[in-house]
Amino acid sequence: MKTILKSLTLAIALILISCGGDKKTDKFGNPISEEKENVEATKPEVSAFPLAEKGKEIFEGKGTCATCHKLDIKLVGPSIIDIAKIYKEKNANMVTFLKGEGEPIVDPSQFEVMKANFALTKTFSEEELQSLEQYMYSQAK
């Protein structure tokens with residue numbers, strides 16, 4: 001009888017310990033590691049950039065922006081992170097630049113390369129340009 005009681009007590013203790021506290025899960029019910037939770041906490045709220053998903057599609061597709069710009073490294077043009085950071089710091093308007101109406105403030109040495117793309121970006125609607133801008137800002141750290 002004592003053996004059964006000890007085994008039952010041990011089983012209950014293990015169950016209580018394994019349940020331990022409030023474990024966080026993602027929208028699919030998968031556990032979120034503390035590291036992933038910290039990374040997620042540093043990302044901007046998606047609602048702050050409602051057009052960002054459309055901007056991503058334009059950036060990677062018809063805008064051909066991904067040919068010269070990468071998230072965190074300079075390729076032909078500056079990184080997305082650098083662009084967003086500088087535009088935010090200078091309180092500048094990315095849409096005005098994409099319309100070909102603004103001065104280059106991030107990497108003026110590559111302005112001639114970018115000027116060729118104005119033929120394309122000038123055909124974008126105001127919403128498409130704002131979507132691109134929001135996508136860029138949504139990727140900044």
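When a residue number appears, it is its place in the shown sequence, counting from 1.
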* Structure fact -> Of all heavy-atom pairs linking Tyr137 and Ala92, the shortest is OH-O, 4.0 Å
* **Within 6.0 angstrom of Glu103 CD, more than 12 heavy atoms from elsewhere** =>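 Atom CD in Glu103 is not packed in, count stays at 12 or less.
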* Asked: Near Lys70 NZ, under 6.0 Å, is it more than 12 heavy atoms from other residues, nucleotides or ligands?
  ->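 Yes, enclosed.
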Which distance, rounded to the nearest 0.5 Å, do you find between the [atom1] of [X] and the [atom2] of [Y]?
X: Lys88; Y: Ile83; atom1: NZ; atom2: CD1; value: 15.5 Å
X: Thr123; Y: Glu128; atom1: OG1; atom2: CD; value: 7.5 Å
X: Thr67; Y: Glu60; atom1: OG1; atom2: CD; value: 11.0 Å
X: Thr121; Y: Ile58; atom1: OG1; atom2: CD1; value: 11.5 Å

Report yes or no: does [X] contribute a side-chain atom to a donor-acceptor pair with the main-chain N or O of [Y] at less than 3.5 Å?
X: His69; Y: Leu75; result: no
X: Thr96; Y: Gly102; result: no
X: Ser79; Y: Asp82; result: yes
X: Gln139; Y: Ile80; result: no
X: Gln134; Y: Ser131; result: no

Could you check whether any side-chain heavy atom of [X] comes within less than 4.5 Å of a side-chain heavy atom of [Y], counting everything from C-beta outward?
X: Asp107; Y: Lys74; value: yes
X: Leu132; Y: Phe124; value: yes
X: Met136; Y: Tyr87; value: no

* Asked: Quick one: side chain to side chain contact (heavy atoms under 4.5 Å, CB included) partners of Glu126, sequence neighbours excluded?
  -> Val95, Lys99, Gln130
* **Steps toward ring pair (Phe, Tyr, Trp, His ring centres under 6.0 Å) verdict (Phe97, Phe118)** => CA-CA 9 Å; Phe97 179 74; Phe118 289 148; 5.3 Å; yes
Can you hop from [X] to [Y] via hydrophobic side chains spaced under 4.5 Å?
X: Met114; Y: Leu120; result: yes
X: Ile105; Y: Val76; result: no
X: Leu71; Y: Val106; result: yes

* **Derivation of the salt bridge (Lys or Arg N to Asp or Glu O under 4.0 Å) call for Glu57 and Lys62** => CA-CA 8 Å; Glu57 291 173 16; Lys62 86 178 207 176; over 6 Å; no
* To do: Check the pair Tyr135, Lys54 against side-chain contact (heavy atoms from CB on, under 4.5 Å), reporting the backbone distance first and the verdict last.
  => CA-CA 8 Å; Tyr135 170 66; Lys54 181 176 182 176; over 6 Å; no
* To do: Please lay out, stage by stage, how Glu53 and Lys56 fare under the test salt bridge (Lys or Arg N to Asp or Glu O under 4.0 Å).
  => CA-CA 5 Å; Glu53 191 60 40; Lys56 180 180 180 184; 5.0 Å; no
